[in-house]
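Convention: sequence-line order gives letters A, B, ...; per-chain numbering from 1. In this text the structure is predicted, and so the values were computed from the model without any measurement.
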2 protein chains.
Amino acid sequence: MDSGARRRRVTIVDVASRAEVSTTAVSKVLRNAYGVSPAMRERVRAAIDELDYRPQAAARAMRGRTFTIGVLLPHIRNPFFADILDGLQEQAGKADYQAIMIQGGENPQAEERAINALVDRQVDGILMVVPLTSRPRLEEIAKDVPTVVLGRHERSPVFDSVFDDDELGAELAVEHLIALGHRRIAHIGQKDKSRARPVDLLHTIRAETYRRVMRDHGLDGEIDVVATSYTEEGGYVGARELLGRPERPTAIFAGADLAALGAMAAAHEAGLSVPGDISIAGYDNTRMAALPNISLTTVEQDGVVMGRTSGRLLLERIEGRTSSVRFSVTPSLVVRDSTGAPPRP
Amino acid sequence: MDSGARRRRVTIVDVASRAEVSTTAVSKVLRNAYGVSPAMRERVRAAIDELDYRPQAAARAMRGRTFTIGVLLPHIRNPFFADILDGLQEQAGKADYQAIMIQGGENPQAEERAINALVDRQVDGILMVVPLTSRPRLEEIAKDVPTVVLGRHERSPVFDSVFDDDELGAELAVEHLIALGHRRIAHIGQKDKSRARPVDLLHTIRAETYRRVMRDHGLDGEIDVVATSYTEEGGYVGARELLGRPERPTAIFAGADLAALGAMAAAHEAGLSVPGDISIAGYDNTRMAALPNISLTTVEQDGVVMGRTSGRLLLERIEGRTSSVRFSVTPSLVVRDSTGAPPRP
DNA sequence: CTGAAAGCGCTAACAC
DNA sequence: GTGTTAGCGCTTTCAG
């Protein structure tokens with residue numbers, strides 16, 4: 001079968017001749033710019049509707065804006081990112097911007113290609129969600145296109161940062177476990193594949209805070225961290241390792257809900273009850289955590305607010321703001337059934 | 001702080017003058033086109049590297065391709081979509097295409113905006129993942145830009161279809177439950193918000209097949225379908241309703257894993273053991289389903305293969321194929337611990 | 001094999 | 001308030 005000839009797209013010239021005005025006038029109406037009489041605006045609007053005209057982003061890009069915000073995501077498997085995107089779209093939509101996403105992937109090379117793809121497509125702004133690349137590289141990009149970095153704590157003069165107070169969050173989780181009476185508390189973290197300074201990374205902060213709180217309580221000797229990844233698989237593998245220790249932990253603080261779910265799976269497989277034999281806490285408060293048969297104690301960080309704020313900051317930068325902003329979201333602890341007192345020895 | 005002046009981007013003219021050739025020559029090298037001597041090609045390559053040049057997609061779009069494939073997703077919360085995207089990117093990457101995603105959302109109006117956004121950005125091809133819009137509208141778009149529709153069963157002369165054999169999948173699940181001895185088997189489906197013909201929709205097919213298999217086994221009187229949505233929430237709400245029946249079902253076939261997880265949560269909350277009191281089966285075989293403490297019996301459909309095939313078909317269409325293809329993936333049943341014999345009365 | 005030149009659809013100066 | 005015009009950075013005839 002033949003797909004038929006592709007029709008020529010309606011252009012600004014078509015609209016202009018239909019409305020019997022200049023293309024300039026049409027362009028002005030499109031952009032809500034000054035210098036069009038109400039009558040003319042009306043005529044142009046009508047022509048646009050009649051012809052079902054929509055401007056081509058590519059042509060606009062050659063001169064002005066694309067009305068596009070690019071979102072770099074490591075991947076789309078983590079449901080936490082869905083909240084961020086919802087928040088962003090809410091803001092972008094209001095200003096007639098479209099959000100497009102691209103997957104950065106596991107390694108800095110793949111991410112670099114993804115970032116370049118966004119830059120080459122002339123997006124008006126970029127939201128980088130937990131990017132792997134180095135800060136100098138981020139700044140290089142931010143000099144060319146408005147940039148907000150989400151999930152890294154660095155302070156930069158050229159891009160904005162939106163992040164969770166990961167130190168507080170980790171503290172809440174570990175203090176909670178200690179308050180329950182646990183001493184042998186382990187942590188499942190994420191192996192570093194990034195070019196960022198470790199101190200700016202959320203998973204490093206969560207792990208370091210875990211260490212610090214343990215020390216604060218005189219539990220230096222109990223510190224035990226396995227670094228896998230913030231995924232079901234990572235949590236499973238990490239927990240298996242921890243459960244194989246001569247003296248296994250009575251509690252695990254996983255750096256992310258997905259990892260906590262994997263850890264629960266490993267505990268279950270080992271015939272251990274949660275929280276009877278072992279307590280497990282996560283981070284993110286994804287929807288899964290709330291399911292009654294999972295009922296995971298976790299740290300809530302408001303992804304929608306983070307996304308919304310990122311969107312707002314991006315739009316501000318697009319409108320010309322050049323000063324730099326850091327926005328931090330305050331997490332809270334959601335206690336559920338996966339944590340309890342340690343087993344009696 | 002000031003973000004500094006934005007540097008002028010390196011253009012094809014810069015490369016041409018650096019290599020001391022015409023822009024035509026550079027363009028040809030970029031596109032691997034015929035009519036460039038090896039020596040010239042080498043000089044151009046060198047200049048491109050030295051200047052770190054990358055063509056701007058917008059400028060290319062005005063005349064030729066954007067080397068972009070647009071992916072319309074209902075949302076990014078369902079982990080099954082991640083597999084599809086992985087498969088697609090694998091194919092696209094090989095051909096130097098980039099995949100960008102956009103969220104269609106819950107209603108046809110929002111989806112229409114998202115589709116238009118892709119079209120306006122001149123993507124070279126579109127993968128529509130379970131779109132809500134009508135078939136005529138899909139065909140209208142497909143006439144302008146190469147299109148593959150994933151997850152709908154219709155046969156169209158202008159776009160390709162990639163889907164799972166949902167009839168077989170649902171049959172496997174329901175037959176499995178019947179073979180275990182269940183008679184009172186309920187189904188959790190998805191309420192229709194789409195403009196497609198119901199018969200082409202995966203959730204309708206799964207529900208209808210459930211009905212058909214029940215009838216085939218003389219279980220007409222036991223047919224019980226609640227239509228909510230393929231989400232944790234939908235599964236939870238649906239199962240709550242089912243569990244409230246005077247005679248509650250002994251098994252639930254949920255149309256998607258997420259819904260099955262919600263159903264498990266509802267069962268747990270009601271103090272029912274799975275599968276002791278009630279068996280639960282899902283569809284998709286997401287990673288969650290494999291976790292030992294979930295261990296969900298489910299239907300496996302290979303998302304990576306579906307994504308990969310979609311990518312291949314899209315590239316073929318971009319290269320000029322106009323005949324239409326339908327590709328069906330064969331599902332299989334993965335039996336785990338969430339299903340078992342019905343409780344003794 | 002090579003390059004000059006036209007033009008894609010839009011925006012922004014700049015006249016009027 | 002309105003229209004004319006010159007590009008933006010590429011690709012693509014079409015001569016040479």
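- For B:Thr11 and D:dG9, the shortest distance from a side-chain N or O to OP1 or OP2 is not below 4.0 Å.
- Residue B:Lys28 contributes atom NZ, which lies 9 Å from atom C1' of D:dT12 at whole-angstrom precision.
- Within a 6.0 Å radius of CD in A:Glu50, more than 12 heavy atoms belonging to other residues, nucleotides or ligands are found.
- Between the side chains of B:Thr68 and A:Arg121, at least one donor-acceptor pair of N or O atoms lies under 3.5 Å.
- The distance between atom CG of A:Asp120 and atom C1' of D:dG9, rounded to the nearest whole Å, is 13 Å.
- Distances shorter than 4.0 Å separate none of the side-chain N or O atoms of B:Arg65 from OP1 or OP2 on D:dT11.
- A 6.0 Å sphere centred on CZ of A:Arg197 holds no more than 12 heavy atoms belonging to other residues, nucleotides or ligands.
- For A:Thr24 and D:dT4, a side-chain-to-base donor-acceptor distance below 3.5 Å is present, hydrogens and geometry of angles not being considered.
- Between the side chains of B:Gln122 and B:Thr66, not a single donor N or O lies within less than 3.5 Å of an accepting N or O.
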Verdict with reasoning, A:Arg308 to A:Asp86, per salt bridge (charged side-chain N to carboxylate O under 4.0 Å, His left out): CA-CA 8 Å; A:Arg308 192 183 292 149; A:Asp86 285 348; over 6 Å; no

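- The side chain of B:Ser27 places no N or O atom within less than 4.0 Å of a non-bridging phosphate oxygen (OP1 or OP2) of D:dT12.
- In this structure, B:Asp14 atom CG and D:dC8 atom P are separated by 12 Å, rounded to whole Å.
- Note: CD1 (B:Ile12) to P (C:dA4) measures 13 Å, nearest angstrom.
- The base of C:dA4 has none of its N or O atoms less than 3.5 Å from a complementary donor or acceptor on the side chain of B:Thr23.
- To the nearest angstrom, P of D:dC8 lies 14 Å from CD of A:Gln122.
- For the segment residues 41-63 of chain B, residues with any heavy atom less than 4.0 angstrom from an atom of DNA chain C are, sorted by number, B:Met62, B:Arg63.
- With rounding to whole Å, B:Arg121 atom CZ is found 15 Å from C:dG9 atom C1'.
- Taking both residues in full, the closest heavy atoms of B:Arg152 and B:Phe163 are given as O-CD2, 3.5 Å, listed atom of the first, atom of the second, then distance.
- Heavy atoms of B:Val21 sit under 4.0 angstrom from primed sugar atoms or phosphate atoms, though from no base atom.
- Distance A:Arg31 CZ to C:dC10 P: 12 Å, rounded to the nearest Å.
- Contact annotation for A:Val26: no contact, since no heavy-atom pair falls under 4.0 Å across all strands.
- Going from atom CG of B:Asn32 over to atom P of D:dT11 covers 12 Å, rounded to whole Å.
- A side-chain hydrogen bond (donor to acceptor under 3.5 Å, both in side chains) with B:Asp160 is found for exactly one of B:Arg312, B:Arg326, B:Arg321, namely B:Arg321.
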